[in-house]
Amino acid sequence: MIGLQILIDGFAISALYGLAAVGFTLMFGVSGVLNLAHGGIMVVAALIAWLAAGDLGLGVYAGTLVGILAGLAAAYATYLVVVRPIQRSRAIPREETEIFVLTGTLLWGIMIQVGMAYLFTDNPVSTRALIGGVINIAGVRTPRNEILIAVLCWVVIGLLWLLVNRTRAGKTLLAASMNPRALTLLGFDLSRIYLLVWTIYGVLAGVAGVLLASFLGVSTANAGQLTASAFSIVVLGGLGSVSGSLVAAYLVGYLETITAYLIAPTLRPIPALLLLVLVIYLRPQGLLGRR
Amino acid sequence: MPHPQLAPLSPIRPALLGLAALAGLAVAGPAAQAADPIKIGVIGEESAVAGASLTKAARMAADDINAAGGIDGRKVEVITYDDHSSAADGVRAFQRAVNQDKVVAVIASYISEVALAIEPWSARLHMPFITPGAASNDISKHVHDDYEHYKYTFHGWLTSAFIAQSICDFEHDMLVGPFHMKTTVVMSEDAAWTTPLDARYLDCLPKAGLKVLDHIRFNPDTTDFTPIFNKIESEHPDIITTGISHVGVQPTVQWHDQQVPIPMAGQSSQATTSDFWRDTNGAAEGVITANAAAPGVATTPKTVPFIEAYIKRYGVSPAYDGYSAYDDVFMFVDAIKRAGSTDPDKIVAAMETTDYVGTMGRVQFYGKDDQFTHAIKYGPGLITGVDVQWQDGKQVCVWPANLANAKIKFPAFIKVEAAAQH
C-alpha cells in the first residue's frame with residue numbers, strides 16, 4: 001500500500017523535476033550557459049498564471065497559457081538583458097565568459113525573486129487544478145490532476161525529443177552542442193541557434209512552473225530551491241546530457257519520496273544531496289555525462 | 001586637483017547651508033513644539049500575509065486617531081519598517097526607530113523569533129514595545145523572570161498557551177459534543193511559537209475529550225505535504241489540530257486536492273484573512289481557524305466598523321494581528337494621554353493599568369506576579385478569540401456560542417458521519 005503510494009507520488013514529482021531539468025541541461029549543452037535564474041523564471045510563469053487565471057478572470061486553461069508565455073518572456077529577457085551582452089562583451093576575456101554568465105544570471109535570478117516578492121509577496125500560491133477530483137488506484141487515492149501533470153510532463157519531453165531528433169532545427173541544436181565552431185564554418189548563424197535554444201528553454205521552464213503551481217503550489221521564496229534542485233539533477237545526470245537529466249530526476253524524485261514516507265518528511269532532500277556528493281567524488285562527469 | 005572648477009565655490013557652500021538651517025530652525029522652532037507629532041514605530045513583514053496586515057492596521061489607527069484630534073492636538077505619526085521576516089533586520093529596524101527616528105513606542109512583528117530578538121533591545125533602550133502577533137510564551141516569561149529589565153515589553157496577542165487553550169475549548173464545545181469526535185493528531189510547523197502551543201495542546205486536548213494519536217512537527221520549508229497527510233490518515237483521527245502560520249496555502253490546497261477525509265481545525269494564521277480564499281482558489285472551504293475576530297460579528301461595537309473600513313481601504317480583510325495592531329496604537333495613545341508624558345517608564349506604568357475595549361475584546365494585561373506578565377488576559381469577558389470556518393468563500397463565526405453566526409459544515413470529501421459512528 002505505502003509502496004504503491006510512493007511509486008505514484010514519486011512518479012509525478014520526478015516527471016516534474018525532469019521537465020524542469022531538461023531545458024536547463026539542453027541550454028548548457030548547446031550554448032554553455034548555466035542559467036542560475038532558472039528558478040526565478042519558473043516562479044514568474046507560476047505567479048503570472050495564477051494572476052491571469054484568478055484575478056484577471058481568464059480561467060485556469062487560458063491562465064496556464066499566459067503563464068507559459070510569461071515564462072518564455074522571462075527567458076528572453078534573461079537572454080537579451082543579461083546573457084547576450086556578457087557573451088558579446090569584448091571587455092570580458094573569452095575563457096571567463098561562463099563565470100560571468102553564471103554570476104550575471106545568479107544576480108538576475110535574485111532580482112527576479114525580490115521583484116516578484118515585492119509584487120506578489122512570498123506567500124505561496126497555487127492555481128486551480130487543471131482537472132479536479134481523485135481516482136482510486138488499487139487503494140491509493142490519487143488526485144486526477146497529479147496524473148495529468150505527470151502525463152503532460154512526458155508529452156512535453158516527448159515533443160522535445162521529436163524536435164531535437166526529427167527536425168532540421170533540432171539537428172542544428174545537436175550539432176551546436178557537439179561542435180559550435182564547425183557549425184559556424186558551415187555558415188550557420190550561432191546567434192539564431194542560441195535564440196532557438198532560449199525559446200525552447202523558456203517554454204520548458206514556463207510549463208514546469210505552471211504545472212508546479214497547479215501541483216504543489218509555488219512561492220517566490222522557492223526560486224533558489226528550484227534552481228538548486230535543477231542544478232543538482234543536471235550535475236548528477238551529467239552536464240548537457242538530456243537523458244542523464246531524466247534518469248537523475250527520477251533518482252532524486254524517488255529518493256526524496258522514499259525518505260519523506262519512510263524516514264521523515266523533514267529529511268526529504270538529504271539523501272539525494274548525499275548521492276550528489278558521492279557522484280561528484282566518484283564520477284565527476286555525472287551518471288551519463290560525456291566528459 | 002581633480003575638480004579645480006569647484007574650488008572657488010567651496011567655502012561658500014557650508015556657510016549657505018548653515019544659514020539655511022538656521023533660518024529653518026527659526027521658522028520651525030516654536031511651531032514644532034506644539035505640533036510635533038508623537039511617533040510610533042511599526043515593524044512588520046510586508047511580504048507575509050499577517051506581517052503586512054499589522055502595518056496596514058496601525059496606519060489606519062493613526063489616521064483615525066488624528067481625525068479625532070490626535071493626542072491633545074498633537075498628531076500621531078506611524079513610521080513603518082519591514083523586517084523581511086528576519087530577526088536581525090527586526091532588531092536593526094528597532095534600533096533605527098529608537099535612535100534615529102525618535103519614536104516613543106514600537107509595535108512589532110507577528111513572528112515570535114523576531115519579537116524575542118527585539119525584546120532585549122526594548123529592555124536596553126528603555127523603549128515600550130508590544131507585539132501584536134507573536135505568540136511564544138517566552139516573551140511574557142522573560143518579563144516575569146526579570147521584570148526590572150524587561151518591563152518595557154508587552155505581549156499584545158494571546159500567548160501560545162492561551163491560543164492552544166482557546167482551540168481546546170472550541171474543539172470541546174463544537175467537535176467533541178456535536179460531532180462525537182474522540183481522537184486527533186496535532187500537526188504543527190516547527191517554530192518558536194508552536195513549542196509552547198504543542199505543549200499545551202498535548203495537555204488540554206485530552207482534557208477536552210480528544211485522544212492525541214500522534215504529534216507531527218514539520219519543517220516550514222516543506223512543499224509536499226502528501227507524506228504527512230498520508231501518515232495522519234493511516235492513524236484515523238477524527239480531526240487534525242493545526243498550528244500553522246508561516247505555511248498555510250500549500251497544506252490547505254494539497255489537503256483539498258488529495259481529498260484528505262479528515263477536517264482541519266486549530267490555528268492557521270494565513271487563513272485568518274480574506275486573501276486566503278483567493279490564494280488557495282477556494283481550497284480553504286471547510287478549514288477552521290482561531291482568529292482575533294470575525295467579519296460581520298460584533299465582538300465589541302468597534303469590531304465591525306473596523307473590519308469594514310479596513311476592507312474598504314485595503315481590499316482585503318485584516319489578519320488576526322491586524323485587529324491587535326489597530327488596538328495597540330490606541331492603547332499606546334491612551335497610555336500616553338493618561339501618563340501625560342512620553343517618558344518610557346511612565347508609558348509602561350500607564351500601559352499596565354490598561355482597561356481598553358478594542359476591536360477584539362476587552363484588553364487588560366497580566367501583572368508582575370502573574371505567570372504571563374504583560375500578556376493580554378485570556379478569558380470570557382476579556383479576550384478569547386473566535387473560531388471561524390471558511391464556508392462558500394466567506395469566513396463565518398462558529399465559536400464562541402454567543403458570537404457564532406453559522407453552524408459547522410464540512411466539504412463532501414470529509415467523512416464526519418463516519419467519525420460520528422466511532
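In the text below, chain A, chain B and the rest are named by the order of the sequence lines, each starting its count at 1.
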Where along residues 223-235 of chain B does a heavy atom come under 4.5 Å of chain A, listed by residue number?
-> B:Thr223, B:Asp224, B:Thr226, B:Pro227, B:Ile228, B:Asn230, B:Glu233

Okay, A:Glu146 and chain B: the region with an atom under 4.5 Å from a heavy atom over there is neither

Looking only at A:Val125, A:Ile13, A:Val134, most heavy-atom pairs under 4.5 Å shared with chain B are made by A:Val134

Residue part contacting chain B, namely of A:Pro124, when any heavy atom lies under 4.5 Å = both

Interatomic spacing from CG in A:Asp122 to NE2 in B:His246 - rounded to 0.5 Å | 11.0 Å

Close side-chain approach of A:Asn123 to B:Asp279, heavy-atom, < 4.5 Å | yes

When A:Ser126 is tested against each of B:Thr252, B:Asp257, B:Val253 for side-chain contact (heavy atoms from CB on, under 4.5 Å), which residue passes?
-> B:Val253

Quick one: what part of A:Ser214 sits under 4.5 Å from any heavy atom of chain B, side chain, backbone, both or neither?
-> backbone

Sort A:Val218 into side chain, backbone, both or neither according to what part of it lies under 4.5 angstrom from a heavy atom of chain B.
-> backbone

Engaged part of A:Arg268 at the chain B interface, taking heavy atoms whose separation is under 4.5 Å = side chain

Greatest number of heavy atom pairs closer than 4.5 Å to chain B - which of A:Glu256, A:Arg144, A:Arg128, A:Arg141 | A:Arg141

What distance separates B:Gln258 CD from A:Asn145 CG, expressed to the nearest 0.5 Å?
-> 10.5 Å

B:Gln259 versus chain A, heavy atoms under 4.5 Å apart: side chain, backbone, both or neither?
-> both

Relative to chain A, which segment of B:Val260 carries a heavy atom at a distance below 4.5 Å: side chain, backbone, both, or neither?
-> both

Give me the contact list for residues 267-278 of chain B versus chain A, heavy atoms only, anything under 4.5 Å, ordered by residue number.
-> B:Gln270, B:Arg278

Out of A:Thr121, A:Leu216, A:Ile2, which one racks up the most heavy-atom pairs below 4.5 Å with chain B?
-> A:Leu216

For the student: nearest non-hydrogen atoms of B:Phe218 and A:Thr266, plus distance = CA-OG1, 4.3 Å

